[in-house]
Amino acid sequence: MFLYNTKTQRKEEFFPQDPSRVTMYVCGPTVYGYAHIGNARPAVIFDVLARLLRREFPRVVYVRNITDIDDKINAAAMAQGISIADITSTYTQAYHDDLEALGVLAPDVEPRVTNHIPQIIEMIDSLLQAGHAYEAQDHVLFDVSSFNDYGELSHRNRADMLAGARVEIAPYKRDPADFVLWKPSSEDLPGWDSPWGRGRPGWHIECSTMAEAHLGDTIDIHGGGRDLIFPHHENENAQSVCAHNGISFCRYWVHNGLITVESEKMAKSVGNILLVRDLLKQAPGEAIRLALLNAHYRGPLDWTEEGVMQARRSLDRLYQALRDMHDVPVVDSSQRKIPDTFLNCLRDDLNTPKALAILFGLAREAHTAADKAQKSRIKNEMLAAGDLLGLLQQDPEVWFGGADAGLDTAHIEHLIKQREAARMSKDFEKADRIRDMLLEQGVILEDVADGTRWRVAS
RNA sequence: GGCUGGGUGGCAGAGUGGUUAUGCAGCGGCCUGCAAAGCCGUGAACGUCGGUUCGAUUCCGUCCCCAGCCUCCA
């Protein structure tokens with residue numbers, strides 16, 4: 001399979017360092033608020049990548065961290081007048097709930113920063129020992145000038161960075177590019193004892209430490225949003241390489257594009273942050289997931305209400321095919337074959353839109369297939385391919401039933417029976433009246449070969 | 001200003017040096033009591049200006065537009 005590597009700026013064939021154990025680290029959320037759609041995109045993208053890797057390789061260790069130490073968390077606790085622990089546990093739970101609604105499977109390991117303080121201190125200490133860091137005014141800073149390859153990931157050089165610098169340089173830095181590994185905490189802030197006094201870790205060291213703790217010195221894949229390339233991942237790379245005597249930290253850097261909302265950037269200052277839990281009130285999680293997978297992961301994605309509607313209708317089409325095959329037998333999920341055409345799309349830098357096109361092709365085949373054996377093959381393929389994308393695993397009846405639309409199913413069935421009776425006696429006026437009545441409630445009827453079925457309008 | 005990614009039909013969105021993406025929407029037909037679903041057919045595109053080429057949406061360069069980042073920071 002091939003992945004686009006940010007570091008080399010090329011699509012490269014993916015070879016794990018150890019084929020028997022693929023390692024992937026993805027930057028998770030800082031838990032100080034509800035997840036927005038921009039947080040959801042990498043979670044869904046790398047969920048698909050993890051699913052693909054798991055079927056291509058015997059073992060995959062996927063780590064996605066929870067950042068539960070951060071000044072933004074401290075500020076949120078202060079603002080809401082509750083403890084830091086309450087903030088982090090509340091929003092960690094909310095994050096899990098939101099992702100579950102989007103069909104995102106749990107990673108193999110979900111480390112938290114607060115559980116890795118000794119390892120963080122150890123790593124900072126080794127950076128100091130190796131001459132890559134220095135202490136200044138109760139801070140420990142990374143010495144960027146000690147690492148020749150600084151900038152290799154984000155493709156910037158020091159001169160460029162300085163030219164655009166618009167932030168005041170902290171006086172304790174030897175060089176403007178140096179960044180904090182450890183900083184002092186006042187009594188009212190969370191802190192841990194360290195060789196450099198009571199304090200807390202800086203921004204980037206946590207990811208270096210947790211990747212090392214769970215995956216080793218060199219990892220295969222590191223993922224995250226494009227906005228993290230600099231400074232976060234650049235710094236993470238510098239720390240890890242320098243703490244490990246120059247050993248390569250990450251073999252493939254994979255970054256997803258960012259989301260805009262109705263053509264505008266999503267930002268607090270614009271006031272257009274879309275929370276996953278709010279979107280879930282408007283559309284099923286599966287539709288939101290499809291809307292995220294409908295564009296290639298590396299490109300930008302403009303989020304619109306229309307886009308979610310289209311995703312929902314696209315799922316209608318796929319589930320319609322499965323619904324028509326409700327009586328077609330399937331084999332056990334472990335026996336199902338995924339078409340190579342479909343797999344090859346995903347193997348080619350996770351081309352989900354192209355893979356979806358294959359899935360739609362199967363849906364068409366399903367409608368035109370002549371015999372049952374053919375339909376059985378198609379149904380198995382659709383379910384297996386869908387599973388790789390985290391789609392189509394619901395019972396079609398549940399999808400079309402609108403789950404929580406608050407409909408009185410018994411009442412609907414009753415009206416359908418009345419209409420059937422009316423049709424039998426050729427009282428089409430009455431039959432149409434009943435159909436219109438249901439349509440007003442958002443219920444669409446379909447007269448098919450073996451009776452009348454209904455679905456919620458999308 | 002620097003670095004990075006993107007600009008494709010009404011909308012979303014793949015892809016390709018010359019030949020159908022796909023989904024939604026439109027149009028015509030079939031099916032249907034009528035619809036819906038489905039099927040068949042159909043119109044419609046590659047930001048700008050140049051260059052390379054027999055031929056470019058696809059390669060190269062210019063410019064324009066959109067987005068992100070430019071170091072502890074909302």
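Numbers restart at 1 for each chain; the letters A, B, ... are given by sequence-line order, proteins then strands. Keep in mind it's a predicted model, so treat the numbers as computed, not measured.
- Taking the six-membered ring where tryptophan is involved, the planes of A/Y150 and A/F147 are perpendicular, since the angle between them exceeds 60° and thus also 30°.
- Side-chain atoms of A/R423 come within donor-acceptor range of the base of B/rG33, with a qualifying N/O pair under 3.5 Å.
- The side chain of A/R455 has B/rA36 as its nearest neighbour among B/rC3, B/rA36, B/rC40.
- Within the structure, every side-chain polar atom (N or O) of A/R312 is placed at least 4.0 Å from both OP1 and OP2 of B/rG23.
- Nucleotides B/rG18 and B/rC31 have their C1' atoms positioned 40 Å apart, rounded to a whole Å.
- Between A/Y319 and A/W399, the ring planes are parallel. Angles under 30° get that label, and only those over 60° would be called perpendicular.
- Within 4.0 Å (heavy atoms only), A/Y4 reaches sugar-phosphate atoms of the nucleic acid but no base atom.
- In this structure, A/D178 reaches the bases: a heavy-atom distance under 4.0 Å links it to at least one base atom across the strands shown.
- Between A/M309 atom CE and B/rG23 atom C1' there is a gap of 14 Å when expressed in whole angstrom units.
- Residue A/Q9 is in sugar-phosphate contact alone, with no base atom involved, counting any heavy-atom pair closer than 4.0 Å across all strands shown.
- Note: CG (A/L315) to P (B/rU22) measures 19 Å, nearest angstrom.
- Among the protein residues, A/H255 comes within range of no part of the nucleic acid, since none of its heavy atoms lies under 4.0 Å from any strand.
- To the nearest whole angstrom, the two C1' atoms, one in B/rA12 and one in B/rC69, are 27 Å apart.
- The CG-C1' distance, from A/N74 to B/rA74, rounds to 15 Å in whole Å.
- A donor N or O paired with an acceptor N or O is found under 3.5 Å between the base of B/rG33 and the side-chain atoms of A/D432.
- Ring centers of A/H204 and A/H233: at least 6.0 Å apart, outside the cut-off.
- Salt-bridge annotation for A/D447 and A/R423: present, with a side-chain N of the basic residue lying under 4.0 Å from a carboxylate O of the acidic one.
- As rounded to the nearest Å, B/rC54 and B/rG38 have P atoms that lie 48 Å from one another.
- Spacing of C1' atoms, B/rG6 relative to B/rG15, comes out at 16 Å, to the nearest Å.
- Comparing B/rG33, B/rC40, B/rU71 by their nearest atom to the side chain of A/Y150 picks out B/rU71.
- Comparing the C1' positions of B/rU32 and B/rA37 gives an interatomic distance of 11 Å, to the nearest angstrom.
- Pairing for B/rG5 goes to B/rC66, judged as Watson-Crick or G-U wobble with the two contacts each under 3.5 Å.
- Distance from the side chain of A/Q310 is smallest to B/rA12 among B/rA12, B/rG68, B/rA35.
- OP1 and OP2 of B/rU22 both lie 4.0 Å or more from every side-chain N or O belonging to A/R364.
- Between the P atom of B/rC70 and the NE2 atom of A/H204 lies a distance of 10 Å, rounded to the nearest Å.
- Because its NZ or CZ atom is both nearer than 6.0 Å to the ring centre of A/F230 and within 45° of the ring axis, A/R156 counts as a cation-pi partner of that residue.
- A gap of 11 Å separates the C1' atoms of B/rG23 and B/rA14, to the nearest Å.
- Counting any heavy atom pair closer than 4.0 Å across all strands shown, A/R419 reaches a base atom.
- Comparing B/rU4, B/rC70, B/rA35 by their nearest atom to the side chain of A/R435 picks out B/rA35.
- For the pair A/K183 and A/K265, both in contact range of RNA chain B, the more 5′-proximal nearest nucleotide belongs to A/K265.
- Within 4.0 Å (heavy atoms only), A/F360 reaches sugar-phosphate atoms of the nucleic acid but no base atom.
- Ranking B/rC40, B/rG13, B/rA37 by closeness to the A/P353 side chain, first place goes to B/rG13.
- For the pair A/R453 and A/F400, the cation-pi test (distance below 6.0 Å, angle within 45°) is failed.
- A distance of about 35 Å separates the P atoms of B/rA67 and B/rC27, rounded to the whole Å.
- When distances run from any side-chain atom of A/T368 to the nucleotides B/rC40, B/rG33, B/rU22, the shortest one goes to B/rC40.
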Stepwise side chain to side chain donor-acceptor pair (under 3.5 Å) test for A/H116 and A/T209 | CA-CA 8 Å; A/H116 294 76; A/T209 302; over 6 Å; no
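- Distance from the side chain of A/N351 is smallest for B/rA14 among the nucleotides B/rA36, B/rU71, B/rA14.
- Across the protein-nucleic acid pair, A/Y319 atom OH and B/rG23 atom C1' stand 16 Å apart, rounded to whole Å.
- Contacts of A/L356 with the nucleic acid, taken as non-hydrogen atoms under 4.0 Å apart, are absent.
- Side-chain to base pairing of A/R156 with B/rC69: one donor and one acceptor N or O lie within less than 3.5 Å of each other.
- As rounded to whole Å, 13 Å separates atom P of B/rG5 from atom CG of A/D349.
- Comparing A/D348 and A/I358 by the nucleotide of RNA chain B whose heavy atom lies nearest to each, the residue mapping closer to the 5' end is A/D348.
- Nearest nucleotide to the side chain of A/R317, out of B/rC39, B/rA35, B/rG68: B/rC39.
- The partner of B/rG26 is B/rU42, judged by Watson-Crick or G-U wobble contacts that both fall below 3.5 Å.
- Using C1' as the reference atom, B/rU19 and B/rC60 are 25 Å apart when rounded to the nearest Å.
- A straight line from CZ of A/R323 to C1' of B/rA36 spans 11 Å, rounded to a whole angstrom.
- Looking at A/S145 and A/D143, their side chains do bring a donor and an acceptor atom within 3.5 Å of each other.
- One N or O donor and one acceptor, one from the side chain of A/D447 and one from the base of B/rC34, sit under 3.5 Å apart.
- Relative to the side chain of A/A295, the nucleotides B/rC70, B/rG5, B/rA14 differ in distance, and B/rA14 lies closest.
- Considering only the side chain of A/I444, B/rA36 comes nearest among B/rA12, B/rA36, B/rA35.
- In this structure, NE2 of A/H233 is placed 17 Å from P of B/rG5, rounded to the nearest angstrom.
- In this structure, a donor-acceptor pair under 3.5 Å is present between the side chains of A/Y25 and A/N65.
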